[in-house]
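A quick write-up on the structure given underneath.
Just so we're clear, the structure is a prediction, and the values are computed from it rather than from any experiment. Proteins get letters first, then strands, A, B, ... in listed order; numbering begins at 1 in each. What's counted below: heavy atoms across the whole structure, side chains too, no hydrogens, waters or symmetry copies.
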Amino acid sequence: MAEKYSVPRGTFDILPADSYKWQYVKKVFSEVAAQFNFQEIVTPIFEQTDVFERSVGGSSDIVQKEMYRFQDKKGRNFALRPEGTAPVVRSFVENNLGMTGGNTKLFYLGPMFRYDRPQKGRYRQFYQYGIENIGSDNPFIDAEIIAFGYAFLSKLGLKNFELEINSIGCSNCSKDYNQALVEYFTPNLDKMCSDCNERINKNPKRLLDCKVPSCKEIAKDAPNMLEYLDEDCRTHFAQVQEYLNLMNIPFKVNPRIVRGLDYYNKTAFEFLDNNLGAQNALIGGGRYNGLVEQFGGKDTPGIGFAGGFERLLLSMETEGVSFGEEPKPNVFIVAIGEKAKQLTAKLLFDLRTNGIKAEYNPDKESLKAQMKAADKEKTRFTLILGEDEIAKNSIILKEMISGEQQEIPREKLVTFLQDKLR
RNA sequence: GUGGGUGUAGUUCAACGGUAGAGCACCGGAUUGUGGUUCCGGGCGUUGUGGGUUCGAAUCCCAUCAUCCACCCCA
């Protein structure tokens with residue numbers, strides 16, 4: 001026997017039994033995007049490695065340890081995209097999308113790749129949806145982006161999620177704050193983990209996030225980021241909260257939210273589902289005002305978020321939320337005898353091209369076997385065609401749940417069914 | 001990259017170191033043109049893979065791979 005293969009570690013097949021759920025979630029996302037007036041952008045699955053190294057940053061693990069890197073035949077360096085914002089901004093600059101003025105509102109869907117240890121809600125190839133608004137620093141936009149996330153989760157029927165927001169300030173505030181953190185943590189470093197000891201120089205804010213109990217204990221009384229915001233950042237954050245309140249979107253301020261990617265500043269937020277386990281972030285996002293400039297564009301502010309489909313489906317599964325209708329045919333045809341089988345070829349085609357989802361199994365001969373097949377398809381109707389019906393140029397329509405059946409003239413069948421299925 | 005748990009039929013799970021089983025699912029049947037419920041019948045599956053211990057291994061040991069959970073990271 002030939003060797004059997006399996007999917008690469010941390011990846012998975014989306015099988016027919018589940019694929020309609022994915023379609024449903026994508027559809028809902030696209031609908032919300034349309035409501036909020038975001039247009040789709042599709043970028044390649046790989047980019048020059050630099051696109052991620054320069055932006056996502058040197059202190060982030062996803063660039064340092066988790067990127068799938070490769071060289072093409074000419075020795076150029078590429079990476080499978082580990083996240084969606086950097087490619088979108090690359091495209092924004094490359095195609096001068098900002099030239100028309102105003103806000104550029106984009107959404108994307110697709111696979112991302114990170115070489116992580118697989119775990120619940122975490123895969124090496126995972127599917128993200130995300131939105132970006134490039135062109136405005138107005139706190140109104142921050143609130144709009146957050147509202148999009150809230151609207152999307154709500155539209156899916158989810159209830160057990162929480163919104164946490166924070167402001168991590170701009171480079172101006174960070175200078176003072178980082179210094180305050182260094183001053184606070186340095187005397188305690190001998191009691192803290194090796195990661196913290198290393199990060200204090202690269203990105204001191206990350207020490208706030210550490211989950212090692214001893215570190216957590218020390219971080220508990222660390223200086224509060226919000227007290228170090230400058231005037232601009234402080235009012236910006238206050239206004240974001242005000243707009244959220246005006247929309248009746250519930251949130252909690254959590255000064256410990258620190259985004260893992262280097263390009264973030266000002267507003268940062270997460271939608272969390274605490275029933276999910278350790279990987280509990282449904283959506284994560286924030287502002288990235290310097291990023292466009294980093295990519296060689298003119299200084300343009302931006303803000304966005306990204307979320308993972310896998311966690312969304314997990315959440316929906318545990319909350320018992322509906323995934324829309326399971327796909328199935330409307331009618332199943334049962335044909336008895338060779339003549340009936342021949343007529344069924346045309347009948348099937350007529351039904352299908354008239355918008356009726358129809359199925360037939362040519363491998364089953366007996367009426368009984370075909371009825372069983374019909375039952376398994378869970379169709380609402382079965383059409384029965386045998387000698388008698390052929391002679392009368394009619395067909396029997398049976399409603400499976402009630403078991404009731406009636407005879408219908410062949411020429412009226414299509415309109416009759418279209419009417420019934422409306 | 002680190003730690004712990006688990007790998008047995010399509011699936012969910014049993015089997016004190018002594019012949020590998022059950023539910024669900026699946027297939028067939030219960031007379032001639034009617035499905036679901038019921039009844040009857042149908043299971044050799046490289047016990048993830050490779051070694052080792054033993055008279056004898058699904059069971060104990062080692063390795064390896066996969067998976068799950070946690071650390072970490074983050075969506």
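Across all strands, A/Lys376 comes closer than 4.0 Å only to sugar-phosphate atoms, never to a base (heavy-atom distances). Within the nucleic acid shown, A/Glu389 comes within 4.0 Å of at least one base atom, counting heavy atoms only. Across all strands shown, A/Glu66 has heavy atoms under 4.0 Å from sugar-phosphate atoms exclusively, and none from any base. Across all strands, A/Leu312 comes closer than 4.0 Å to no nucleic acid atom at all (heavy-atom distances).
Nucleotide B/C71: paired with B/G1 (Watson-Crick or G-U wobble, both distances less than 3.5 Å). B/A63 is paired with B/U49 under the Watson-Crick or G-U wobble criterion, all donor-acceptor distances under 3.5 Å.
Formation of a donor-acceptor pair under 3.5 Å by the A/Asn265 side chain with backbone atoms of A/Asn289 is found in this model. A donor-acceptor pair is defined here as one N or O able to donate and one able to accept, closer than 3.5 Å; no such pair exists between the side chain of A/Asn133 and the backbone of A/Ile303. For A/Thr344 (side chain) and A/Leu347 (main-chain N/O), no donor-acceptor pair under 3.5 Å exists by modelled atom type.
Stacking of the aromatic ring of A/Phe309 onto the base of B/A75 is not found under the criterion of centres within 5.5 Å and planes under 30°.
Within the 4.5 Å cutoff, the side chain of A/Tyr150 has heavy atoms near those of the A/Pro250 side chain. Within the 4.5 Å cutoff, side-chain heavy atoms of A/Met67 are placed close to those of A/Thr49.
Ring pair A/Tyr129/A/Phe309 is tilted by interplanar angle, where 30° to 60° counts as tilted. Aromatic ring orientation, A/Tyr177 versus A/Tyr228: tilted (interplanar angle from 30° to 60°).
For the C1' atom pair drawn from B/G52 and B/G4, the interatomic distance equals 25 Å after rounding to whole Å. Going from the C1' atom of B/G17 to that of B/U54 covers 9 Å, rounded to whole Å. Comparing B/U6 with B/U64, their C1' atoms sit 16 Å apart, to the nearest whole Å. Taking the C1' atoms as reference points, B/G10 lies 12 Å from B/G43, given to the whole Å. Comparing B/C61 with B/C73, their C1' atoms sit 35 Å apart, to the nearest whole Å. Rounded to a whole angstrom, the distance from the P atom of B/G51 to that of B/C68 is 28 Å. Spacing of C1' atoms, B/C16 relative to B/A20, comes out at 16 Å, to the nearest Å. Remark: the separation of the C1' atoms in B/A58 and B/U47 is 5 Å, to the nearest Å.
For A/Asp388, counting side-chain heavy atoms from C-beta on, the closest listed nucleotide (B/C74, B/G33, B/C71) is B/G33. Residue A/Arg311 has its side chain nearest to B/A75 when only B/G35, B/G33, B/A75 are considered.
Rounded to whole Å, atom C1' of B/G35 lies 5 Å from atom CG of A/Asp375. The interatomic distance linking A/Tyr68 (OH) with B/C73 (C1') rounds to 14 Å, in whole Å.
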Would you mind building the protein contact string for nucleotides 64-69 of chain B? One character per nucleotide, 5' to 3', B for base within reach (heavy atoms under 4.0 Å), S for sugar-phosphate only, - for untouched. --SS-S

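Between the side chain of A/Gln405 and the base of B/U34 there is at least one donor-acceptor pair of N/O atoms closer than 3.5 Å.
Of the two residues contacting RNA chain B, namely A/Glu310 and A/Ala369, the nearest-nucleotide position lying further toward the 5' end is that of A/Ala369.
The cationic atom of A/Arg69 (NZ for Lys, CZ for Arg) does not lie both less than 6.0 Å from the six-membered ring centre of A/Phe78 and within 45° of the ring axis.
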